[in-house]
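Take a look at the structure below.
Everything numeric here is computed off the predicted structure, so don't read it as measured data. The analysis underlying the following values was restricted to heavy atoms, covering all of them including side chains, and did not include hydrogens, waters or symmetry mates. For this chain, numbers begin at 1 and follow the sequence in order.
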Amino acid sequence: ITPPNETSERLYSIGKNSNGHLLLSIKRHSHGVCSNYLNELTPNQQLKATIIKNKKFHFPKKSKEVLLIANGTGIAPFLGMMHQKTTASIYLYWGTRTKTSEELYKPQILEALQKKTLQQYNVAFSKEENTYNYVQDLIERDEKNIANVLANGGSIMICGSIAMRNDIFILLEKICKSNNLQPFETYNNKVQILTDCY
């Protein structure tokens, strides 16, 4: 999306919700030109946007298990993926700031759990008092399950900040070593690790 009177485009991950509507999840920044432009749009107002396909970030058709790992607004594409018809078991790991921010997406997550298109939901709050503060802590907690998914040919999809992705990569390297798996790069090269980070 290129805001009016601007020349540089802003990139956002998109998804489709359970009703088939296009879904964007955008954090509004106080000085953000594009986020404030989008925030000020009114219902039915049109805007110009272009879709740039990330051909390397599509739900894997052959995987029996898929881990979805996101932080913040990186959850957007997963909100659609967890509602699609698939035989794969899907596990969502999401890190957000507060329970209030979770409420924006909770109805769609609960609907997927109820329909059994999502098998498990794990959430970490970075600004609430709880044991797990970041999505990385959840991955570390579930190390054995993560190792089993990789060993059995499952896929891991990561969407959100580059800093979170880098932390997850470091954790996955450790998990591979401590569980006597192939090196992390092996799974990355086999396209078992898919990312859309910014």
Subject >> Asn133: side chain to side chain contact (heavy atoms under 4.5 Å, CB included) partners, not counting sequence neighbours >> reply: Asn130, Asp137
Original post:
Do Tyr121 and Leu110 share a hydrophobic cluster (ILVMFWY, side-chain heavy atoms under 4.5 Å, transitive)?
Top reply: yes
Original post:
Taking only residues two or more places apart in sequence or in another chain, which ones pass ring pair (Phe, Tyr, Trp, His ring centres under 6.0 Å) with Phe184?
Top reply: Phe169
Subject >> For Thr98, side chain to side chain donor-acceptor pair (under 3.5 Å) partners two or more places apart >> reply: Ser101
Original post:
At what distance, to the nearest 0.5 angstrom, does CD of Glu65 lie from CD1 of Ile146?
Top reply: 10.0 Å
Original post:
Just by modelled atom types, is the Met82 backbone N or O under 3.5 Å from a matching donor or acceptor in the Thr117 side chain?
Top reply: yes
Subject >> Minimum heavy-atom distance between Ser8 and Thr2, given as atom pair plus value >> reply: O-CG2, 3.9 Å
Original post:
Quick one: does Leu92's side chain get under 4.5 Å of Ile109's, heavy atoms only?
Top reply: yes
**OP:** May I ask you to test the Ile14-Leu23 pair for a side-chain heavy-atom distance under 4.5 Å?
**Re:** no
Subject >> Neighbour count >12 (heavy atoms, 6.0 Å) for atom CD, Gln114 >> reply: no
Subject >> Approximate separation, where rounding is to 0.5 Å, of Ser13 OG and Phe57 CZ >> reply: 6.5 Å
Subject >> Residue pairs passing the side chain to side chain donor-acceptor pair (under 3.5 Å) test where at least one lies in residues 144-159, sequence neighbours excluded >> reply: Ser63-Ser155, Lys144-Asn179
Original post:
Say you draw a straight line from NZ of Lys62 to OG1 of Thr87; how long is it, rounded to the nearest 0.5 Å?
Top reply: 12.5 Å
**OP:** Report yes if some heavy atom in the side chain of Val33 is under 4.5 Å from a heavy atom in the side chain of Asn5; otherwise report no.
**Re:** no
Original post:
With sequence neighbours left out, what residues match Tyr105 under ring pair (Phe, Tyr, Trp, His ring centres under 6.0 Å)?
Top reply: Trp94
Original post:
Which atom pair, heavy atoms only, marks the closest approach of Gln182 to Cys176?
Top reply: O-CB, 3.4 Å
**OP:** List for me each residue that meets side chain to side chain contact (heavy atoms under 4.5 Å, CB included) alongside Leu47, sequence neighbours excluded, and say none if there are none.
**Re:** Ile1, Tyr37, Leu38, Leu41, Ala49
**OP:** May I ask you to decide if Ala124's main-chain N or O and Tyr93's side chain share a donor-acceptor pair within less than 3.5 Å?
**Re:** no
Subject >> Cluster link Ile168 to Ile162, ILVMFWY, side chain under 4.5 Å >> reply: no
Original post:
How would you list, by chain and number, every residue that makes a salt bridge (Lys or Arg N to Asp or Glu O under 4.0 Å) with Arg10, sequence neighbours excluded?
Top reply: Glu6
Original post:
To the nearest 0.5 Å, how far apart are CD in Gln84 and NZ in Lys61?
Top reply: 9.5 Å
Subject >> By side chain to side chain donor-acceptor pair (under 3.5 Å) - contacts of Tyr187 (at least two apart) >> reply: none
**OP:** Would you indicate whether the side-chain heavy atoms of Cys34 and Tyr12 approach each other to under 4.5 Å?
**Re:** yes
**OP:** Start with the C-alpha gap between Glu143 and Lys174, add the side-chain angles, then the distance that decides, and say whether side chain to side chain contact (heavy atoms under 4.5 Å, CB included) holds.
**Re:** CA-CA 9 Å; Glu143 174 182 336; Lys174 287 180 184 175; over 6 Å; no
**OP:** Say whether, by atom type as modelled, one donor and one acceptor occur between the side chain of His83 and the main chain of Gln108 under 3.5 angstrom.
**Re:** yes
**OP:** Kindly indicate, with the supporting measurements, whether the criterion side chain to side chain contact (heavy atoms under 4.5 Å, CB included) is fulfilled by Thr96 and Leu104.
**Re:** CA-CA 11 Å; Thr96 187; Leu104 292 168; over 6 Å; no
Original post:
Can you name the closest pair of heavy atoms from Val123 and Glu102 and give their distance?
Top reply: CG1-OE2, 3.9 Å
Subject >> Results of ring pair (Phe, Tyr, Trp, His ring centres under 6.0 Å) for Tyr134 - residues two or more places apart only >> reply: none
**OP:** Check Glu103 against Pro107 and note the closest heavy-atom contact, atom names and distance.
**Re:** O-CD, 3.4 Å
**OP:** Give the C-alpha distance, both sets of side-chain angles, the deciding distance and a yes or no for side chain to side chain contact (heavy atoms under 4.5 Å, CB included) between Asp167 and Val135.
**Re:** CA-CA 10 Å; Asp167 287 346; Val135 70; over 6 Å; no
Subject >> Separation between CD1 of Ile158 and CG of Leu68, rounded to the nearest 0.5 Å >> reply: 10.5 Å
**OP:** I would like to know whether Ile139 and Ile175 meet side chain to side chain contact (heavy atoms under 4.5 Å, CB included); could you show each step before the answer?
**Re:** CA-CA 9 Å; Ile139 299 305; Ile175 288 170; 4.1 Å; yes
Original post:
Looking only at heavy atoms, which two atoms of Lys27 and Ser35 are closest? And how far apart?
Top reply: O-CB, 3.5 Å
Subject >> Side-chain heavy-atom pair Ile26, Thr73 within 4.5 angstrom cut-off >> reply: no
Subject >> Residue pairs, two or more places apart or on separate chains, that pass side chain to side chain donor-acceptor pair (under 3.5 Å) and touch residues 46-60 >> reply: Asn54-Asp196
Original post:
When you measure from the side chain of Gln192 to the backbone N and O of Gly154, does any donor-acceptor pair fall under 3.5 Å?
Top reply: yes
Subject >> Met157 vs Leu67 side-chain heavy atoms within contact, under 4.5 Å >> reply: no
Original post:
Out of curiosity, Glu40 CD to Gln45 CD, how far, rounded to the nearest 0.5 Å?
Top reply: 9.5 Å
Original post:
Do you know the tightest heavy-atom contact between Gln120 and Leu113?
Top reply: N-CD2, 4.0 Å
Subject >> Partners meeting side chain to side chain contact (heavy atoms under 4.5 Å, CB included) with Thr86 (sequence neighbours left out) >> reply: Phe59, Ala88, Ile90
**OP:** Please name all residues satisfying salt bridge (Lys or Arg N to Asp or Glu O under 4.0 Å) with Glu128, sequence neighbours left out, ordered by chain then number.
**Re:** none
